[in-house]
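FYI, side chains are in, hydrogens and waters are out, and symmetry mates aren't considered; it's all heavy atoms of this structure. This one's a predicted model, so the numbers in the text were calculated from it and none came from an experiment. In the text below, chain A, chain B and the rest are named by the order of the sequence lines, each starting its count at 1.
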2 protein chains.
Amino acid sequence: MDAMDWALLRELQADARLSYSELSRRVHLSPPAVAERVRRLEENGVVTGYHAHVDLARTGRDVIALVTMSCYGATCLLLDEAVPGWPEVMEIYRVTGDACSVLRVATASMEAFETVIDRLGKYGQPSSTMVLSTPLPWQPVLPLP
Amino acid sequence: MDAMDWALLRELQADARLSYSELSRRVHLSPPAVAERVRRLEENGVVTGYHAHVDLARTGRDVIALVTMSCYGATCLLLDEAVPGWPEVMEIYRVTGDACSVLRVATASMEAFETVIDRLGKYGQPSSTMVLSTPLPWQPVLPLP
DNA sequence: TGTGAAAAGATCTAGGT
DNA sequence: ACCTAGATCTTTTCACA
């Protein structure tokens, strides 16, 4: 992970669709050398994927919430392989504290959100905090000073 | 937003670096037609960007936390344009409830995390929950049934 | 690790249905 | 809105430093 790798990460985090030749211009390296370095960043698991980001509101997901689950024991949500497949569940974090996990949930309506909460109730006690807006939806990973 | 748009969104969320010709094979449409539809999805703000995702642990960010900020009033964190620029702050959500916002923070060490908390203390009361692991780091936005 | 050059493949533009 | 086709640009491969 030298300065060149960080330069490539910076560019690919900002725009994952940049061509190798455009990348090569920006970091001052030949296209094959860029391709080789990017391949290694992928192989070493530094880059975990390239994803288009989608505006939730513009795709009909008007209700977004952070749901804190308290469900220690055999019924814990984290033990069920199926939950990460629910399309309303965008992220799951296992956390310290009174709760066991935090989920980011996005549904089309409050009614749809209610049925997700009902389904989550099988695993433990859900506690919901509604997201009003997202002042910072995403920030690239940069080298820390 | 017809079935073809959803097919393109599905593919570009799974792999943002797919070429238009590879996309055209997968959705059974000519490359120029694919390019035109993708251009419109970008223009309409449905697609907000294409981003390489980076493994935080493999880039030296060993401490991840969800920090809930209670800071209503003139000193509120959400009023300071500078905070979204801090490299340790990966996401900011404005939320309902006793708190005003939730931040996802990633630092190299507990010591570095402590200094971020100290800096956040200027805006209000931070309450930290540590992230032990991330069973679901990301889920694509799919059309809901 | 890196480069340069040639083959293979992708994109863009134009004209047509 | 979509397709085809040709010109241009990009990616990939490979010999070599």
- Side-chain N or O of B:R25 closer than 4.0 Å to phosphate OP1/OP2 of C:dA10: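 Checking B:R25 against C:dA10: at least one side-chain N or O falls below 4.0 Å of OP1 or OP2.
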- Message: With a 4.0 Å cutoff (strictly under), does any side-chain N or O of A:S19 reach OP1 or OP2 of D:dT11?
- Response: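 Answer yes for this pair, as a side-chain N or O of A:S19 is under 4.0 Å from OP1 or OP2.
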- Under the 3.5 angstrom rule, does the side chain of A:S128 hit a backbone N or O of A:V67 as a donor-acceptor pair?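 A pair under 3.5 Å: no.
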Check the distance between [N]'s [atom2] and [X]'s [atom1] and give it to me in whole angstrom.
X     : N      : atom1 : atom2 : value
A:R37 : C:dT1  : CZ    : C1'   : 8 Å
A:L18 : C:dA10 : CG    : C1'   : 16 Å
B:Y20 : C:dT13 : OH    : P     : 12 Å
B:R40 : D:dC2  : CZ    : C1'   : 11 Å
A:E36 : C:dT3  : CD    : P     : 12 Å

- Bend angle of the helix from C:dT1-D:dA17 to C:dT17-D:dA1, end axes from five pairs each (to 10°):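 Axis-to-axis angle, ends of the helix: 40°.
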- How is A:R39 classified with respect to the nucleic acid when contacts are heavy atoms under 4.0 Å: base, sugar-phosphate, or nothing? nothing
- Message: With no hydrogens and no angle check, just 3.5 Å: does a side-chain donor-acceptor pair link A:Y93 and A:R104?
- Response: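 Note: A:Y93 and A:R104 side chains miss the donor-acceptor criterion.
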- Item | Side-chain donor-acceptor contact under 3.5 Å, A:E22 with A:Y20 | no
- Task: Examine B:H51 together with A:H51 and report whether their ring centres are nearer than 6.0 Å.
- Result: no
- Query: Is the shortest distance from a Lys or Arg side-chain nitrogen in A:E42 or A:R39 to a carboxylate oxygen in the other one below 4.0 Å?
  - Reply: no
- Message: Regarding B:D80 and B:K122, does a basic nitrogen lie under 4.0 Å from an acidic carboxylate oxygen?
- Response: no
- Task: On DNA chain D, check which nucleotide each of B:D2 and B:R17 is closest to and give me the residue with the more 5' one.
- Result: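 Looking at the nearest nucleotide for each, B:D2 comes out on the 5' side.
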